[in-house]
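The figures here come from the full heavy-atom set of this structure, side chains too, leaving out hydrogens, waters and symmetry mates. Residue indices begin at 1 and follow the sequence shown.
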Amino acid sequence: MKNRHYLLILIGLLWLPALSMAKIRITDMRVNGLDCPLGTDPDGKTVFSWILTSDKNETFQEAYQVVVSSQGKKLWDSGKVKSDNSIAVAYEGTLTPDTEYTWTVQVWDNHGSTSKKVTSKWQTGIRTGDWKAQWITASGTPVPTYFRKTENLSGNIRKATAYITSHGIYEAFINGKRVGDYELTPGWTTYLKRLQYQAYDVTSLLQKGKNMIAATVSPGWYSGGMNTGDPKNRYKYGKDVSLLMQINIEYADGTKACILTDGEWECCVPAEEETSKTGGITFANIYDGETIDARLMDASWANIQPQSVWSRKAKVMDMPKNHLIATVSEPVKAYQAIPAKEIIVTPKGEKVIDFGQNIVGWERVKLSGKKGDQVRITHAEVLDKDGNFYTTNMRSAKTTSLFILNGEGEERFEPRHTFYGFRYIRVEGLEGDLRLEDFEAVPVCSGFDRIGEFSSSNPVINQLQHNIEWGFWDNFVDVPTDCPQRDERLGWTGDAQVFFRTASFLGRVDNFFNKWLADLRADQRTDGRVPRVIPDSYHGDYRTAATGWADAATIVPWNHYMAFGNISVLEQQYDSMKGWVDYMVSRSKDRGYLWNNGDHYGDWLFYSLSNDPGGRSAVTSSHLVAQCFFAHSTDIVSRTAKLLGKQDEADYYTEVASKVRKAYMDEYVTPNGLISSDTQTAYVLALHFDMLPEHLREQAVERLVRNIERYDNHITTGFLGTSYICHVLTKYGKSDVAYKLLLQETCPSWIYSVRKGATTIWERWNSIQPDGLILEGMNSFNHYSYGAIGDWLYRSAVGIKEAAPGYKKIVVQPHTGGGFNHMNASTMTPYGKVAAGWTAEEDVLKTLEVEIPVNTSAEILVPASGMDNVKNENNLTPSGYENGYAKFTVGSGKYKFMVK
């Protein structure tokens with residue numbers, strides 16, 4: 001017994017070193033920013049990343065090793081590399097198409113700890129020359145079309161991968177089961193230059209013997225008329241509805257086979273063949289909605305033994321495949337359904353369902369009635385002043401689902417070949433009372449990770465944050481749209497650039513914007529002009545060089561690099577960035593770099609009055625705005641050139657930027673610092689883009705503050721000034737004024753829409769006027785641009801900022817105020833979670849808690865009346881005190897500070 005006691009002590013002593021040693025762990029392994037991606041470009045750049053965690057503070061990666069294998073054979077070994085790079089390790093081997101790879105990573109840290117080896121996988125897609133399938137269609141008109149083919153497979157299947165794309169939106173089925181869970185595929189790109197295909201592992205869906213391969217294709221973005229009513233451009237990409245599918249099969253014995261779309265496939269067009277049974281979709285359009293006729297439904301149409309008989313063969317189309325590309329971003333997915341909240345009978349007698357949240361997606365319904373009954377469901381964002389259903393702001397978009405019943409008990413409908421922006425639906429054609437349990441709303445959004453959070457002691461601001469989040473999700477359906485409901489839904493460049501920083505805090509949108517920026521490159525004109533919407537669905541070149549919009553070509557790549565830390569975005573976009581700046585130079589060089597021509601949107605939707613004898617409308621010269629963005633974009637290109645090792649070009653653009661600022665000063669600023677457009681936006685842009693010499697900046701700040709006071713602490717900026725105004729105020733010591741703008745309750749203000757019951761961000765400050773009337777004309781209740789205030793809440797109010805690309809270095813500098821008792825924010829950086837939260841009494845900070853991810857460092861600035869007034873639980877010594885902040889320099893870990 002005594003010997004056993006000593007043995008236990010000895011074992012415990014042997015374990016002590018292991019227990020005391022820091023443990024570093026590898027998590028979140030990604031290839032090209034995606035988790036175990038299927039179908040990556042075999043010829044493109046392949047990049048590995050991972051996130052580290054540790055049970056010890058101040059932890060950094062000192063070295064890594066990556067090994068790549070396929071079918072048990074090692075293909076590439078990086079060796080032990082002394083480096084802290086964990087977010088963009090490039091694969092230096094070669095890749096084969098349609099091949100599965102595994103990769104194993106191990107890391108070493110600064111505490112002498114070694115991680116376990118961790119393995120993940122990915123699979124390459126196919127090259128242009130690997131496509132054996134043929135494009136097939138049924139009709140020359142853009143209507144929903146069904147395709148299917150029976151295939152016999154001779155052996156046991158080891159692996160099968162389906163590669164699918166379409167002209168239109170597709171859903172694929174194998175033996176009656178849906179392939180994957182993506183929605184609205186293949187997404188929207190610059191189709192004639194870049195058409196994505198998706199890859200799916202369909203091994204479990206296929207079987208030895210007979211199989212049914214099937215697909216539904218509807219017009220979608222491709223041939224559905226995405227043109228805001230321009231008849232010249234209704235079918236910019238084409239009029240066809242077509243399918244391309246190839247399933248590569250590997251049998252257990254190593255032999256291979258393919259299932260291909262070809263002229264042997266059957267097809268059916270329900271709109272043209274009223275007696276043939278399919279999935280019942282007879283009409284589908286992005287703007288107008290979807291019609292499903294249950295009388296034409298055969299639930300077995302995609303099964304091995306369908307009841308329906310089709311007599312029509314598909315037509316093979318001679319179409320190119322050299323523009324087909326692997327999917328680089330997360331496709332759209334459907335999220336948890338929202339149950340109906342309330343049944344309303346309006347003053348007009350309309351039957352209306354309220355879901356309590358303005359969403360983007362579609363309804364899922366259960367209906368009963370007689371055969372041939374038509375149930376019409378129309379979608380709306382708001383009710384009018386009197387409580388009636390309101391669709392005027394949808395303009396020409398019909399936004400209607402039409403369900404035709406078969407009369408056989410309870411029938412279920414879900415229109416997935418369109419999408420709507422709505423909170424309310426009006427139900428017509430259904431007898432009797434509605435039942436809440438029969439209706440759900442299904443939100444859809446691109447499937448990127450939702451990584452950011454914010455909360456505070458103010459419930460109204462928490463609702464504002466809720467509205468920002470939903471406006472973000474609702475408008476990121478494969479492209480960053482301006483609005484998701486009316487006859488527009490386009491990838492407006494100006495909206496995307498002003499909201500990018502907010503979006504990148506809340507979502508892992510790196511791949512989402514990689515895709516969109518590639519389309520921007522593809523649609524950019526040869527002289528450098530950038531279209532106002534990407535993909536460019538408009539006809540002609542109207543406003544293809546509108547500043548603040550076209551500057552997305554420079555601003556988004558730069559902010560992308562700062563948020564996610566991967567320099568490849570700058571490498572890929574550099575020629576595009578430079579092209580836009582060079583165009584501005586070409587339009588202004590002979591005027592001393594004064595760009596005072598061209599047609600611009602200016603500070604879009606600024607505060608204005610229809611009857612304005614006193615001149616209180618906040619009009620900022622569009623050419624003044626253009627000059628500011630000219631300088632800013634030129635600065636960005638200069639910095640980018642330097643990073644890419646192009647010093648001569650960096651020096652050139654630095655000189656151009658200096659000349660642009662001189663032209664601005666000569667044209668728009670008096671010697672005493674009065675800007676010719678005496679507006680909030682004018683001073684905000686001048687200060688944010690460093691347009692003014694040092695000696696004129698403080699007085700410009702005072703002019704800005706006085707302007708805000710003249711408007712009784714209301715914001716008057718439009719799209720281009722709003723995203724910067726609170727940042728500028730905080731930078732120059734006026735956070736108290738920023739909080740006054742944030743908390744202003746009357747129009748124009750952020751809280752005004754919240755008080756009016758908004759659940760998303762509005763397009764206009766006064767989309768609903770104080771008397772309850774809805775503003776006529778262009779008016780969206782789901783428009784994220786003004787939601788850019790989120791960036792100030794996270795990075796200035798809470799105080800989390802990236803001080804180096806990808807948050808490799810972090811600054812946490814809170815700015816209390818506004819009567820808030822507490823405020824918290826966090827985001828998942830490429831290195832891991834960063835978080836900060838503070839408490840305050842009478843706007844004086846009392847506590848600050850911070851979390852810094854492994855492999856990064858941070859400077860934490862704690863507001864206090866003196867360095868000695870700051871205590872902490874980590875025995876940290878401040879490195880200094882400046883401008884009312886005690887400074888602490890730390891590595892990874894969790895920290896808590898208390899202020900006397």
Kindly state whether the ring of [X] and the ring of [Y] have centres lying under 6.0 angstrom apart.
X: Tyr200; Y: Tyr163; value: no
X: Phe173; Y: Trp301; value: yes
X: Phe439; Y: Phe355; value: no
X: Trp762; Y: Phe781; value: yes
X: Tyr424; Y: Phe389; value: no

Where the side chain of [X] meets the backbone of [Y], is there a donor-acceptor pair that is under 3.5 Å apart?
X: Lys149; Y: Asn211; answer: no
X: Thr161; Y: Asp201; answer: no
X: Thr493; Y: Arg532; answer: yes
X: Gln246; Y: Lys132; answer: yes
X: Thr418; Y: Asn285; answer: yes
X: Asp98; Y: Gly125; answer: no
X: Lys313; Y: Glu266; answer: no
X: Thr137; Y: Val241; answer: yes
X: Asp519; Y: Pro535; answer: no
X: Lys351; Y: Val427; answer: no

Flag the pair [X] / [Y] as yes when at least one side-chain heavy-atom distance between them is below 4.5 Å, and no otherwise.
X: Asn475; Y: Phe472; value: no
X: Leu195; Y: Ile325; value: no
X: Met212; Y: Pro306; value: yes
X: Tyr420; Y: Tyr287; value: no
X: Cys258; Y: Asn248; value: yes
X: His417; Y: Ile281; value: yes
X: Val269; Y: Arg312; value: yes
X: Asp240; Y: Ser223; value: no

Exercise for the section: Report the C-alpha distance between Gln485 and Ser780 in whole Å, list the side-chain angles of each, state the deciding distance to 0.1 Å, and finish with yes or no for side chain to side chain donor-acceptor pair (under 3.5 Å). Expected result: CA-CA 8 Å; Gln485 75 295 88; Ser780 160; 3.0 Å; yes
Can [X] and [Y] be counted as an ion pair, charged N to O under 4.0 angstrom?
X: Glu437; Y: Lys366; value: no
X: Arg412; Y: Glu414; value: no
X: Arg416; Y: Glu171; value: yes
X: Asp438; Y: Arg435; value: yes

Practice task
Test the Arg376-Phe403 pair against the cation-pi criterion, namely NZ or CZ under 6.0 angstrom from the six-membered ring centroid and within 45° of the ring axis.
Solution key: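 The answer is no; the distance or angle limit is not met.
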Practice task
Please say whether the positively charged group of Arg543, taken as NZ for Lys or CZ for Arg, lies over the ring of Trp549, i.e. under 6.0 angstrom from the six-membered ring centre and within 45 degrees of the axis.
Solution key: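 Verdict for Trp549: no cation-pi partner in Arg543.
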Practice task
Could you walk me through whether Thr378 and Thr391 pass side-chain contact (heavy atoms from CB on, under 4.5 Å), step by step?
Solution key: CA-CA 9 Å; Thr378 312; Thr391 59; 4.2 Å; yes
With distance as the sole criterion, is a donor-acceptor pair present between the side chains of [X] and [Y] under 3.5 Å?
X: Ser396; Y: Asp487; answer: yes
X: Asp495; Y: Ser785; answer: yes
X: Gln196; Y: Thr189; answer: no
X: Glu272; Y: Ser139; answer: yes
X: Ser767; Y: Asn779; answer: yes
X: Asn358; Y: Glu381; answer: yes
X: Ser308; Y: Asp298; answer: yes
X: Ser401; Y: Glu363; answer: yes

Exercise for the section: Check the pair Glu151 / Lys210 against salt bridge (charged side-chain N to carboxylate O under 4.0 Å, His left out), numbers first and verdict last. Expected result: CA-CA 6 Å; Glu151 289 279 356; Lys210 190 175 182 181; over 6 Å; no
Contact summary for [X] and [Y], nearest pair of heavy atoms:
X: Ala334; Y: Val444; result: CA-CG1, 4.0 Å
X: Ile136; Y: Phe147; result: CD1-CD2, 3.6 Å
X: Trp135; Y: Pro320; result: NE1-O, 3.4 Å

Handout entry: Worked check of ring-ring contact (aromatic ring centres under 6.0 Å, His included) between Phe419 and Trp362
Key = CA-CA 6 Å; Phe419 61 90; Trp362 47 74; 8.2 Å; no
Exercise for the section: Would you sort out whether Ile343 and Leu436 count as a side-chain contact (heavy atoms from CB on, under 4.5 Å), showing the intermediate values? Expected result: CA-CA 7 Å; Ile343 296 172; Leu436 286 175; 3.5 Å; yes
Practice task
Could you give me the CA-CA distance, side-chain angles and deciding distance for Thr128 and Leu324, then say whether side-chain contact (heavy atoms from CB on, under 4.5 Å) is met?
Solution key: CA-CA 7 Å; Thr128 297; Leu324 299 180; 5.6 Å; no
Exercise for the section: List the steps, then state whether side-chain contact (heavy atoms from CB on, under 4.5 Å) holds for Ile359 with Arg423. Expected result: CA-CA 6 Å; Ile359 75 154; Arg423 172 175 170 170; over 6 Å; no
Practice task
Tell me, yes or no, whether the heavy-atom count around Lys321 atom NZ, taken from other residues, nucleotides or ligands under 6.0 Å, exceeds 12.
Solution key: yes
Fill in the blank from the handout: Rounded to the nearest 0.5 Å, the CG atom of Leu205 sits from the CD1 atom of Ile213 at a distance of 9.0 Å
Problem - Evaluation steps, salt bridge (charged side-chain N to carboxylate O under 4.0 Å, His left out), between Asp478 and Lys515 - result: CA-CA 9 Å; Asp478 207 60; Lys515 166 188 172 288; 3.1 Å; yes
Exercise for the section: Check step by step if side chain to side chain donor-acceptor pair (under 3.5 Å) holds for Gln198 and Thr327. Expected result: CA-CA 6 Å; Gln198 283 74 44; Thr327 298; 3.0 Å; yes
Practice task
Check step by step if salt bridge (charged side-chain N to carboxylate O under 4.0 Å, His left out) holds for Lys341 and Asp354.
Solution key: CA-CA 6 Å; Lys341 182 180 179 181; Asp354 179 9; 5.5 Å; no
Exercise for the section: Quick one: do Arg486 and Glu763 satisfy salt bridge (charged side-chain N to carboxylate O under 4.0 Å, His left out)? Show the steps, please. Expected result: CA-CA 12 Å; Arg486 66 188 181 215; Glu763 179 177 21; 2.9 Å; yes
Handout entry: For His167, the option from Tyr191, Trp221, Tyr222 that meets ring pair (Phe, Tyr, Trp, His ring centres under 6.0 Å)
Key =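 The residue from Tyr191, Trp221, Tyr222 that satisfies ring pair (Phe, Tyr, Trp, His ring centres under 6.0 Å) with His167 turns out to be Tyr222.
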